[in-house]
Engineer: 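The structure follows.
Letters A, B, ... mirror the listed sequences (proteins, then strands); counts begin at 1.
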There are 2 protein chains.
Amino acid sequence: MTRELPIAGQPPAERADAARNRQRIIEVATRMVEANGAANLSLDEVAREANVGVGTVYRRFGDRSGLIYALIDAGERALQEAFMTGPPPIGPGAPPAERIRAFLHALVDRKVAQQELFVLLEMGSSKARFSGPYMVHHTHLATLLAEARPGADARFLADALLAPLSACLIGYQQAERGMSAEQIKSGLDDLLRLL
Amino acid sequence: MTRELPIAGQPPAERADAARNRQRIIEVATRMVEANGAANLSLDEVAREANVGVGTVYRRFGDRSGLIYALIDAGERALQEAFMTGPPPIGPGAPPAERIRAFLHALVDRKVAQQELFVLLEMGSSKARFSGPYMVHHTHLATLLAEARPGADARFLADALLAPLSACLIGYQQAERGMSAEQIKSGLDDLLRLL
DNA sequence: CTTGTAAGCGGAGACATCTCCGGTTATCCT
DNA sequence: AGGATAACCGGAGATGTCTCCGCTTACAAG
């Protein structure tokens, strides 16, 4: 096992046992989501199954949403890397309009793939919903929009383009209206074309 | 007191004591929301204050969201009446584009006025969120859009225009970005102009 | 190795939502 | 008026989220 090197950053570093627990909690939670569906994920049960107290779960992840977020964090990192340093059309190099399109499509795919988890996230604390990832997506999109359509209110437009990607809405469109991911994407394409 | 006339409709009619309780529960809940904020509304407490058992509250309103919805139902009815039979520009008579604009503005005003309640509603069961009122708004908007922009996917566009009116998003725009209701409306106007 | 201490741990318990069901009562019908 | 009965009522309790705090332990410094 490699030793944890002390990093210059302020956060006092996580103790080894704590890291082990975090890891085990995430594994157990992942398994339970696969088995019972995300909506039935009980933190009490996760704690029991992972052989830790409930308090430990809450200290590590803050609250239910925090744990859920940890379960989709890998996808989020991958997406951010893709649009920041990846190949076109989502990454730098393509014209803004294409990057916007590619980014929104990727986001739809993510929401569809982990729909249940995203729905839960959207229904948890409304504070958390617009911090971190949302702000990153928003900034990215607003930058591209400002480039593609100078003069428009890029920040508001970015909100307005991200809003229809709500996991709840997508779930509704798929479940009640029988729309496929492709139809949703093509609807977004229509919208982008009009802009 | 006027006697409850038996109506032809199937629903077996609500007993007088039940109606009284419903009324009292709504009054108590309204008072408590004004006093403590919507987020702190506890159904146990509502029941105690209204001198009924918890079971009664749940039988009448189904769940927390149901009660919350009852608190904004009056506004919803007023809005629906306005755009269905009211005077232009929101009602029939004005050109579609203007009706769309007036409708969205009215919706923003409602969300801003009862923001807390709408946020709670959006965070409750994701099923309820797209039933009833949402479908009415969606149908109305899709009809107008089909008229204003034949050829486009009016149903998807309607979703996409309603999504940015999420109470959570509006709350975020106001609280964290310092946007006023007017700025939000003018952002929507920009968006409509582009369409 | 010893030791000081901050980080971590567990689980009892406060508090919420929602379900269930045995007892009660309003309302309709005769 | 006098049932019959469907609707209604209350509140105990199942289950879940999250907090709090006294005890424990990893780990760095001496």
Engineer: Taking C-beta and beyond as the side chain, do B:Q183 and A:F156 meet within less than 4.5 Å on heavy atoms?
Structural biologist: no
Engineer: Name each donor-acceptor pair under 3.5 Å that joins a side chain in residues 73-90 of chain B to protein atoms two or more places apart or in another chain, with its distance.
Structural biologist:
from  : atom 1 : to     : atom 2 : distance (Å)
B:D73 : OD1    : B:Y69  : OH     : 3.2
B:D73 : OD2    : B:R77  : NE     : 2.9
B:E76 : OE1    : B:R110 : NH1    : 2.6
B:E76 : OE1    : B:H137 : NE2    : 3.4
B:E76 : OE2    : B:Q80  : NE2    : 2.7
B:E76 : OE2    : B:H137 : NE2    : 2.8
B:T85 : OG1    : B:E81  : O      : 3.2

Engineer: If you assign B:R20 and A:N21 each to the DNA chain C nucleotide with the nearest heavy atom, which residue ends up on the more 5' nucleotide?
Structural biologist: A:N21
Engineer: Test side-chain contact (heavy atoms from CB on, under 4.5 Å) on B:H140 and B:F103 and set out the steps.
Structural biologist: CA-CA 9 Å; B:H140 175 61; B:F103 173 65; 3.9 Å; yes
Engineer: Over how many whole Å does the gap from A:R15 atom CZ to C:dA6 atom P extend?
Structural biologist: 12 Å
Engineer: How many Å lie between CD on A:E14 and P on C:dA6, as a whole number?
Structural biologist: 19 Å
Engineer: Quickly work out the A:N51 CG to C:dG11 C1' distance and round it to whole Å.
Structural biologist: 14 Å
Engineer: Show me, pair by pair, the donor-acceptor contacts under 3.5 angstrom made by side chains of residues 188-195 of chain B, not counting sequence neighbours?
Structural biologist:
from   : atom 1 : to     : atom 2 : distance (Å)
B:D189 : OD1    : B:R101 : NE     : 3.0
B:D189 : OD1    : B:H105 : NE2    : 2.9
B:D189 : OD2    : B:R101 : NE     : 3.2
B:D189 : OD2    : B:R101 : NH2    : 3.1
B:D190 : OD1    : B:R193 : NH1    : 3.1

Engineer: Could you tell me the separation between the CG atom of A:D17 and the C1' atom of C:dG10, rounded to a whole number of Å?
Structural biologist: 13 Å
Engineer: Under 3.5 Å, sequence neighbours excluded: what are the donor-acceptor pairs made by side chains of residues 34-43 of chain B?
Structural biologist:
from  : atom 1 : to    : atom 2 : distance (Å)
B:S42 : OG     : B:D44 : N      : 3.4
B:S42 : OG     : B:E45 : N      : 3.2

Engineer: Under 4.0 Å from OP1 or OP2 of C:dG8: is there any side-chain N or O of A:T56 that close?
Structural biologist: no
Engineer: Give a yes/no verdict on a cation-pi contact between A:R22 and A:F61, requiring under 6.0 Å between NZ or CZ and the six-membered ring centre and an angle within 45° of the axis.
Structural biologist: yes
Engineer: Taking C-beta and beyond as the side chain, do A:S180 and A:Q174 meet within less than 4.5 Å on heavy atoms?
Structural biologist: no
Engineer: When every nucleotide of nucleotides 14-21 of chain C is labelled 5' to 3' by its protein contacts under 4.0 Å (heavy atoms), B for base, S for sugar-phosphate only, - for none, what sequence of letters results?
Structural biologist: ---BBB--
Engineer: Please give the angle, rounded to 10 degrees, between the axes at the start and the end of the helix from C:dC1-D:dG30 to C:dT30-D:dA1, where five pairs define each axis.
Structural biologist: 10°
Engineer: For a quick check of understanding: with a heavy-atom distance under 4.0 Å over all strands, which category does B:R22 fall into, base, sugar-phosphate or nothing?
Structural biologist: nothing
Engineer: Going by atom type alone, with no hydrogens or angles, which donor-acceptor pairs under 3.5 Å involve a side-chain atom of residues 49-56 of chain A and a protein atom two or more places apart or on another chain?
Structural biologist:
none

